[in-house]
Amino acid sequence: VQDSGTPHMVRVNHQGVNYFPSGGPVMPGTSSVDIQVYDAAKSLPDVATTIQVMRVQTDGSNLQVVELIAVTNNSKPPRSLMNDRPFQFYLPEGAQIDGADAQAPGGMPVNTAPVPDTNNKYYFVFPLRPGETRFQIGYHLPYSGQATLTPKVAGNMQHFAVILPKSMQFQPKVEGTYSPMNDQSGQSNIQVATDVSPAKDLSFQVSGTGVLQDDQQGGQGGGGGAAAAQGRPGGGLGTPEGTPDPLQKYRWPILAGLAVALAVAGGYIASRPKPAAPAAEGAQAVAVRATAAPAVAAPANGANRNTALLDALKEELFQLEMDRQQGKVSETEYAQAKSGLDQALRRAVSRAKETSAT
């Protein structure tokens, strides 16, 4: 590159899938960087949804729902799944989507729009790289005091959980489908179905009103607040009543991860500038982009957060450039989004440099 004195962000596009350096932007003085990439496949047998969490609350006029989904790619040898519909899911009839995020393994959530298919089926054009990819979809439904939801899953999964306020009532259509779990905060009602398949009837009825405790403390949006600070959705997961703990091995690596990285993104979705149309990750070009940043200080204990934020920002910048090249955003929209992302990037790189110095 011509200017070796500024940080650079590097993206490698291999077989239609984007990959980035694990440490974030390449710092000044670096002459080379290693980026791990994987061959892409249109179908893989070892890709499955491990858990899906459905957070339900209402202020009385709308039923507000955020779905958190973890998908694992354990392919051997490791390969990335990329086709026209890498991940498919269902939403209830009449759902109005408020926003959606996807999080690649080791990254931060980035905005991505679900594409409608048929019969309430949607899909993300987002590659499933080796490891765990996480999705968040926020939507709302009309509500008049009670509602019946009939969740559908696209494939087999280990656990399906519903989290709602204690002030709301939950009634499954088929007794025994769900097992209650103790909430350590005493503020949430947590119901879990195990060994879920497309043939399993997950229907349930909710009634009453209430807002989840973490949303009351952290503001409306898809989560965050107390639960994000504690690292768990809805105040925490305890042991199911009268049963072994089926989520013990998933509590921290999956549910806590979803809460921290995805539930917090509910407000993040609403606050970020949105592209005019969804762009398929893994579009054609290979790009390397350089961005200069001044050196300013940041707390040393924020190293992991800074790295994750930088990963998200670089994904967004490259996505924005691709949208512009493909004519999916106007020059005005591009300039506004670019200005906000550049400002956030400068602050994040400044914090990262200070963290490294200390």
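No experiment lies behind these values; they were computed from the predicted model shown.
- Scanning for salt bridge (charged side-chain N to carboxylate O under 4.0 Å, His left out) contacts around Asp117 gives Arg85, with sequence neighbours left out.
- In this view, Asn73 and Leu44, Val47, Ser75, Pro130 satisfy the side-chain contact (heavy atoms from CB on, under 4.5 Å) rule, not counting sequence neighbours.
- Side-chain atoms of Asp195 never come within 3.5 Å of backbone atoms of Gln158 as a donor-acceptor pair (strictly under, hydrogens ignored).
- One distance of note links CD1 of Ile69 with CD of Gln52; it measures 4.0 Å at 0.5 Å rounding.
- When the side chains of ILVMFWY residues are joined at heavy-atom separations under 4.5 Å, either directly or via intervening members, Tyr90 and Phe160 end up in two distinct hydrophobic clusters.
- The side-chain heavy atoms of Asp84 and Tyr123, taken from C-beta on, include no pair separated by under 4.5 Å.
- Among residues two or more places apart in sequence or in another chain, the ring-ring contact (aromatic ring centres under 6.0 Å, His included) test is passed with Tyr143 by none.
- Here the closest non-hydrogen pair linking Asn83 and Pro86 is OD1-N, 2.9 Å.
- With a 4.5 Å cut-off on side-chain heavy atoms, Leu128 and Val71 count as touching.
- For Thr112 against Ala102, the heavy-atom pair with the smallest separation is CG2-CB, 3.5 Å.
- In terms of heavy atoms, Val174 sits closest to Thr177 at O-OG1, 2.8 Å.
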Output a table of donor-acceptor pairs, distance under 3.5 Å, between side-chain atoms of residues 196-212 and any protein atom two or more places apart or on a different chain; print 'none' if there are none.
residue: Ser197; atom: OG; partner: Ala199; partner atom: N; Å: 3.4
residue: Lys200; atom: NZ; partner: Thr194; partner atom: O; Å: 2.8
residue: Asp201; atom: OD1; partner: Ser203; partner atom: N; Å: 3.0
residue: Asp201; atom: OD1; partner: Ser203; partner atom: OG; Å: 2.7
residue: Ser203; atom: OG; partner: Thr150; partner atom: OG1; Å: 3.2
residue: Ser207; atom: OG; partner: Gln169; partner atom: OE1; Å: 3.3

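- No side-chain donor-acceptor contact under 3.5 Å links Asp39 to the backbone of Ala41.
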_Residues Glu93, Asn120; criterion side chain to side chain donor-acceptor pair (under 3.5 Å); working and verdict_ = CA-CA 6 Å; Glu93 180 75 32; Asn120 300 319; 2.9 Å; yes
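- Residues meeting the side-chain contact (heavy atoms from CB on, under 4.5 Å) test with Pro116, sequence neighbours left out: Tyr122.
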Checklist entry - When you look at Val162 and Leu149, which way does the side chain to side chain contact (heavy atoms under 4.5 Å, CB included) test go after all the steps? => result CA-CA 11 Å; Val162 180; Leu149 298 176; over 6 Å; no
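- A donor atom on one side chain and an acceptor atom on the other are not found under 3.5 Å apart for Asp34 and Ser32.
- Between atom OG1 of residue Thr50 and atom CZ of residue Arg134 there is a gap of 9.0 Å, rounded to the nearest 0.5 Å.
- Between Pro114 and Phe124, some side-chain heavy-atom pair lies under the 4.5 Å cut-off.
- When all heavy atoms are compared, the tightest approach of Phe20 to Asn18 is CE1-CB, 4.2 Å.
- Counting heavy atoms from C-beta on, the side chains of Ile163 and Val56 never come closer than 4.5 Å.
- Here Arg79 contributes atom CZ and Gln15 contributes atom CD; the two are 10.5 Å apart, rounded to the nearest 0.5 Å.
- Here the closest heavy-atom approach between residue Met168 and residue Gln57 is recorded as SD-CA, 4.0 Å.
- The shortest heavy-atom contact between Glu67 and Tyr139 is OE2-OH, 2.6 Å.
- Checked by atom type and distance alone, the side chain of Thr58 pairs as donor or acceptor with a backbone atom of Gly60 at under 3.5 Å.
- Side-chain N/O atoms of Asn189 and Gln191 include a donor and acceptor closer than 3.5 Å.
- For the pair Pro151 and Val153, the minimum side-chain heavy-atom distance is 4.5 Å or more.
- Annotation: side-chain contact (heavy atoms from CB on, under 4.5 Å) contacts of Tyr19 (sequence neighbours excluded): His14, Val17, Ile35, Val37, Tyr38, Ser80, Arg129.
- Here the NE2 atom belonging to His159 is positioned 10.5 Å from the OG atom belonging to Ser179, to the nearest 0.5 angstrom.
- Once rounded to the nearest 0.5 Å, the distance linking NE2 of His140 with CD1 of Ile97 reads 10.5 Å.
- Taking the six-membered ring for Trp and the full ring otherwise, Phe89 and Phe135 have centroids separated by 6.0 Å or more.
- Residue Asp98 holds its CG atom at 12.0 Å from CD1 of Ile137, rounded to the nearest 0.5 Å.
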